[in-house]
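The structure under discussion appears below in the form of structure tokens.
Within every chain, numbering begins at 1; the chains are lettered A, B, ... in the order of the sequence lines, protein sequences first and strands thereafter.
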Amino acid sequence: MASLDIENVKKQFGNVEVLRSISINIAHGEFLVLVGPSGCGKSTLLNLIAGLETISSGIIKIGEQNVTHIAPKDRDIAMVFQSYALYPSMNVRKNISFGLETRKIPKPEIEKQVAKVASMLQIEDLLDRRPAQLSGGQRQRVAMGRALARDPAIFLFDEPLSNLDAKLRVEMRTEIKLLHQKVGTTIVYVTHDQIEAMTLADRIAIMKDGVIEQFGTPKNIYESPASIFVAGFIGSPSMNFIPCEITEHDGNLKILLVAQGDEKCLVPVKGLSSSPEKLKGQKVILGIRPEQISAFNLSEKKNNNVFKLKCQVRLTEPTGPDTLVFTQINNQKTTCRIHPDKAALPGESMEMGFDISKAVLFDPKTQKRIY
Amino acid sequence: MNSEYFSNDYQKTPFMLFFRVAVYAVLIIAAIYFLIPLVIMIFTSVKTMNDIRTGNLISFPRQFSLEAWKSAWDTACIGVTCNGIKGYFWNSVKITVPAVSISTIIGAANGYVFSKWKFYGSEVFFSILLLGCFIPFQIILLPMAKMLGMAGLAQTLPGLVLVHIVYGLAFTTLFFRNFYVTIPQELVKAARIDGAGFFRIFFKIMLPVSIPIFVVSIIWQTTQIWNDFLFGVVFSSGDTQPITVALNNLVNTSTGVKKYNVDMAAAIIAALPTMAVYIVAGKYFLRGLTAGSVKG
Ligand SMILES: Nc1ncnc2c1ncn2[C@@H]1O[C@H](COP(=O)(O)OP(=O)(O)OP(=O)(O)O)[C@@H](O)[C@H]1O
Ligand SMILES: [Mg+2]
């Protein structure tokens, strides 16, 4: 077990800068998830932590040790690969023990360790099989077993679940979480699935084009996204981004929401630091999550965070627990999460309550959050 | 199930039936065309000279005799010595076995480096090596003779072995490299994290899955080297000649009557090892050539 410090790490392949000044640090025992769209450099960063690629500049520390220029085998890490990378010519037992054998651990000790890992992952029956004779889920377990057998300082996972079907993926996700609770080892986990990121992580680093857009706890990232990219990436269905203009009304700054049929509603803006004079007429993007728009009910009338707007329903998507209702606000398609019993039919209109206590504002130019 | 049903049905239409028959007819004719020379050779080799003189070329042997085979192996005259082709057969074995094994092993190691341990400029290096596949034999004869002379290996078996190794490396390297690039790089990464080094990864992880490509390389090299004539003629003489050269000399020896049965027997003996290799390992050869799609 160990902490992980990544300081100003850069990586170039030829002239292409793939990672640009990455800094992350996590405490020992934490579960870090690197998440981002394809090609943003997640695997590259993981390979740098593992020592499988050479670093262009910067420092990586595991625990107190600077490992920047240390060979992978001496970094005390174990890794699970997306393709599992099981050795095809060896049976499961050999696959698990290979790393122990190269480290010259005594035979009885190896056997004990293999047995322990096999029972932990429930793969005792598979020990004498070859990887080709295993199902996807079983291979995934064996790959985990190979990593677990070594009891390293840090586990590195590169999209370990992306080759599994949806149901198995959810099962394995909980198992990985349980495993982390049990062994308590520091984990760095790469995924491009935001649900995996939210459910597993103690800390999330959201990457885009080789930089970290935001680094924080899942709650922090969900509630205070730093940019439109982060807000849109995390959360499903995605946050609504409604273009608005700041106006002055009765001496207060407000933004105007217009629904179809010219229904209007003025929403106050607070917490903006610039002077009111400057803000007047400025274009902003209101970020509001679907669950913050629900059917308006009268008891909320006194709640001065909730604003009523009569909207036309264009389309509904029942998901079971909620119904997603799509409408147009400021000519922008907007998703609302409504209780199934309250949802109106397409073509009808209904009163929505906009809870703006958690709404955020973005600058359309910089794409960053201004409030 | 469904498609099987359809295709069976389809085959029953008169056109398809005709088509089938036509295909088989062509195949059978082609097979006969290729087999006839072999059959004639075998027939002739077990005939007596008398039989050959009186009968015609494709007639069935009237008297079965292995005399010609014995003579070809043991007593036929090649040039001025009359010890048959056995010595030259063993020469070819002594050339082929080391040349095939060494070029295959080095090719495997080369392929491993060019696919899994790329270094700065390795692609350029590999391309240059590949050029070796396209260099015609004739071009390297003189420089090679000069080099062998300088190394003191001119006209010796080890010299010929060296020539074949050098010439074969381009091919074996290509085979192994193309095979190893289909093996995921992640395997190497996983092994490195597991603490395995360059050689351990090669021996424990790459070699055990390389059997198909070894078979390809061995068959290819064996046929190339065993059947080689040009290098044999140029880089060896007298006692050190391979069987192909000896066969040529045997057939061209002009003293006495032409013994067709001995010539045929000698030719079959010269061809037997390559035929045997194909029969034993041909199945793997085809499989190995398409091994790009094989996953571990
Ligand atoms: N060996 C390499 N040489 C050159 N460019 C590379 C190399 N490896 C990766 N890249 C480039 O670096 C960028 C990041 O790649 P990386 O594999 O880290 O992406 P990723 O975030 O893991 O994506 P994915 O989710 O698809 O796995 C990509 O644009 C890729 O083309
Ligand atoms: Mg990746």
Side-chain angles (χ1 to χ4, degrees), chain A residues 13-14 43-44 46-54 70-91 94-105 130-134 139 142-144 146-147 149-150 152-160 163, chain B residues 105 108-109 111-113 115-127 176 178-217 284 287-288 290-296:
Chain A
F13 287 112
S43 300
T44 307
L46 206 65
N47 282 340
L48 290 181
I49 299 173
L52 294 168
E53 300 271 7
T54 51
I70 288 183
K73 67 181 165 65
D74 300 322
R75 292 193 180 196
D76 202 12
I77 45 152
M79 190 156 171
V80 177
F81 294 88
Q82 180 169 2
S83 66
Y84 312 141
L86 300 178
Y87 309 127
S89 59
M90 303 180 195
N91 64 20
K94 269 288 201 179
N95 260 286
I96 296 176
S97 64
F98 184 75
L100 302 173
E101 280 163 19
T102 48
R103 287 186 162 71
K104 308 224 156 45
I105 290 167
R130 295 272 183 96
Q133 300 164 311
L134 301 175
R139 282 179 209 184
V142 175
M144 301 253 299
R146 192 167 63 180
R150 288 242 327 278
I154 296 188
F155 282 120
L156 306 175
F157 290 86
D158 192 354
E159 308 204 25
N163 284 336
Chain B
I105 289 167
Y112 171 56
V113 172
S115 60
K116 293 287 170 261
W117 297 87
K118 294 201 177 130
F119 49 91
Y120 186 76
S122 66
E123 291 295 317
V124 177
F125 208 75
F126 179 63
S127 313
F176 279 95
N178 285 0
F179 180 79
Y180 286 145
V181 290
T182 66
I183 293 177
Q185 185 73 24
E186 289 195 342
L187 276 184
V188 175
K189 289 186 179 176
R192 281 175 68 197
I193 288 176
D194 268 346
F198 181 86
F199 288 104
R200 206 179 164 85
I201 295 175
F202 184 51
F203 287 112
K204 294 274 173 165
I205 292 165
M206 306 303 274
L207 279 192
V209 297
S210 311
I211 291 165
I213 203 63
F214 264 97
V215 174
V216 168
S217 176
Y284 294 96
R287 226 184 274 162
T290 57
S293 52
V294 174
K295 281 238 177 89

Exercise. Examine whether an atom of A:N47 lies under 4.5 Å from a heavy atom of chain B, and if so say whether it belongs to the side chain, the backbone or both; otherwise answer neither.
Key: side chain

Quiz prompt | Engaged part of A:A71 at the chain B interface, taking heavy atoms whose separation is under 4.5 Å | solution = neither

Exercise. Sequence neighbours left out, what pairs pass side chain to side chain donor-acceptor pair (under 3.5 Å) with at least one residue falling in residues 77-90 of chain A?
Key: A:Q82-A:S162, A:S83-B:E186, A:Y87-B:D194

Self-check item: Segment of A:L86 engaging chain B (4.5 angstrom heavy-atom cut-off)
Solution: backbone

Kindly list each side-chain donor-acceptor pair under 3.5 angstrom involving residues 209-217 of chain B, sequence neighbours excluded, with atom names and distances?
unit_1: B:S210; atom_1: OG; unit_2: B:Y180; atom_2: OH; d: 2.8
unit_1: B:S210; atom_1: OG; unit_2: B:M206; atom_2: O; d: 2.6
unit_1: B:S210; atom_1: OG; unit_2: B:L207; atom_2: O; d: 3.4
unit_1: B:S217; atom_1: OG; unit_2: B:T104; atom_2: OG1; d: 3.2

Self-check item: Pairwise distance NZ(B:K189) to CG(A:D158) - rounded to 0.5 angstrom
Solution: 8.0 Å

Practice problem: Check whether any side-chain heavy atom of B:R200 sits under 4.5 Å from a side-chain heavy atom of A:F98, and report yes or no. | Solution: yes

Quiz prompt | Under 4.5 Å from a heavy atom of chain A, the part of B:R192 involved | solution = both

Quiz item: Under the criterion side-chain contact (heavy atoms from CB on, under 4.5 Å), which of A:K73, A:R150, A:R75 is the partner of B:I193?
Solution: A:R150

Quiz item: Can you tell which of A:R103, A:K94, A:M79, A:E101 has the highest number of heavy-atom pairs within less than 4.5 Å of chain B?
Solution: A:R103

Quiz prompt | Contacts of B:F203 that satisfy ring pair (Phe, Tyr, Trp, His ring centres under 6.0 Å) - sequence neighbours left out | solution = none

Quiz item: Looking at B:L187 and A:P88, what are the two nearest heavy atoms and their distance?
Solution: CD1-CD, 3.7 Å

Exercise. Sort by residue number and list every member of residues 115-125 of chain B having a non-hydrogen atom under 4.5 Å from chain A.
Key: none

